[in-house]
Amino acid sequence: MSAATALEPYQPNHGARDFHVEHYGLDLTYRVASHRLDGTATLSVVTLEPVDAIALDLHGLAVRKVAVSGASLARYSHRSGRLVLRLRETASAGARLTVTVTYAGAPVLVPSPWGPVGWEELTDGALCANQPTGAPSWFPCNDRPDDKATYRTSITVEKPYRAVAHGTLVSSRARAGATTWVYEQRAPTSTYLATVQVGQYDEVVLAEEPVRQVAVVPPTLAAAARTAFSSQGRMVTHFESLFGPYPFGEYTVVVTADELEIPLEAQGMAIFGANHLLPGSDDERLVPHELAHQWFGNAVSVASWQHIWLNEGPACYAEWLWSEESGGPTADELARLWHARLRRRPQDLVLADPGYERIFDDRIYKRGALTLHAVRGALGDAGFFDLLRSWTARHAGGVVTTEDFRAHTVDAAGGVGGDVLVVKVTSQLRAWLDMPRLPALLA
Ligand SMILES: [Zn+2]
């Protein structure tokens, strides 16, 4: 481990701070039956300070070849999930290097406090569930949520499998026995939101407006998917009115033939299990939740997992907003319900700094949503939704911290209600974000 990666409490043993990856070119071949991945990754790297080595994250797979242009490679080592490229001479800050890594093997999931994550075999295919540290199970990367890059992903699979990656499909070329699918992702993307999905899938168009929406599903689930996602087009329109323009060129929902514990978001995409399509279940709320992540988490990303409430609070609040819009309980009714529930649970969690082990604690989701509801109460609807839209407009493609949100909100409060409202919102945010005790809902 280099000094640059040490002692990052929310990113243990992943990522480096001394370089940035601008672009990943991934050329992958995956064999479903043998679960074998062959890859060549070409990384466009910019150094941020003088460096003697480039330390990438790559878990489990065997490195066959490494090449560097723009600097001279002395040697490399690959141990404990770190692929370290030692340079013959120090590269100065701002140096541009191209790093090419050829690798192969059966992807192995990366252990995490929440169970193993990454490239996972399905009964008949594969999925990527990277969050938070699984991306190195399938490509060498600077595995930090704030090191956002563009991607070109080429993925070859045998017929009759379809491969889907994040971004826009730019070509699919069929040869004897196999098809190569190429996707371009021009929006800056965190490594955990990069994805490949492989299965015997059909593509079903769900809506063309306001953005093209498709479902990628096993043929036997096509009808169920049409039903389960029937309101998604209206949902995108509604969220655009509240959050600002949909941030990407497309929205794809993948439904696996297997059951999945939870759905998950990727860039311009969400992945659901067959079990999430069942009508009348509580799972219907997950459709707006995953969609909302495209604005909150994917376009506007966290600078560190410490700030995950900025992803999950708005995504949870979007569930409540859609409930209200679609004739269910209102956001205010749901806020009161969850406030009452949280009051009965331990109040020992600080939203602004929950600790790495608790970044997926459900209280972060609910308290994050309640924080937004409290801000809405203070600013009024017009001021609050202006705040959300100016937040996404300002930070789309970038990364944010809780302090950024605080500053943005206090600024908005000044515009709506002058110094009096600034004082009120400042103290309100302190109570919601910095103290473990649950504040009253509309103090
Ligand atoms: Zn979420």
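Residue indices begin at 1 and follow the sequence shown. Just follow the structure's listing: the first ligand is 1, and inside any ligand the first atom is 1.
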Under 3.5 Å, is there a donor-acceptor pair between the Thr195 and Gln197 side chains? yes
Looking at Tyr183, Tyr151, Phe248, which one forms a side-chain contact (heavy atoms from CB on, under 4.5 Å) with His166? Tyr151
Short check: any N/O/S atom of His293 below 2.8 Å from the Zn ion (ligand 1)? yes
Just checking: Glu265, one of its N/O/S atoms, less than 2.8 Å away from the Zn ion (ligand 1), yes or no?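 So Glu265 does not count as coordinating the Zn ion (ligand 1).
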What distance do Leu58 atom CG and Phe139 atom CZ have between them, rounded to the nearest 0.5 Å?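 These two atoms lie 10.0 Å from each other.
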Need the atom name: nearest N/O/S atom of Glu312 to the Zn ion (ligand 1). OE1
Which atom, counting only N, O or S, brings His289 closest to the Zn ion (ligand 1)?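 Restricting His289 to its N, O and S atoms, the minimum distance to the Zn ion (ligand 1) goes to NE2.
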Output, in order, the C-alpha distance, side-chain angles, deciding distance and verdict of side-chain hydrogen bond (donor to acceptor under 3.5 Å, both in side chains) for Asn142 and Tyr24. CA-CA 10 Å; Asn142 186 4; Tyr24 292 90; over 6 Å; no
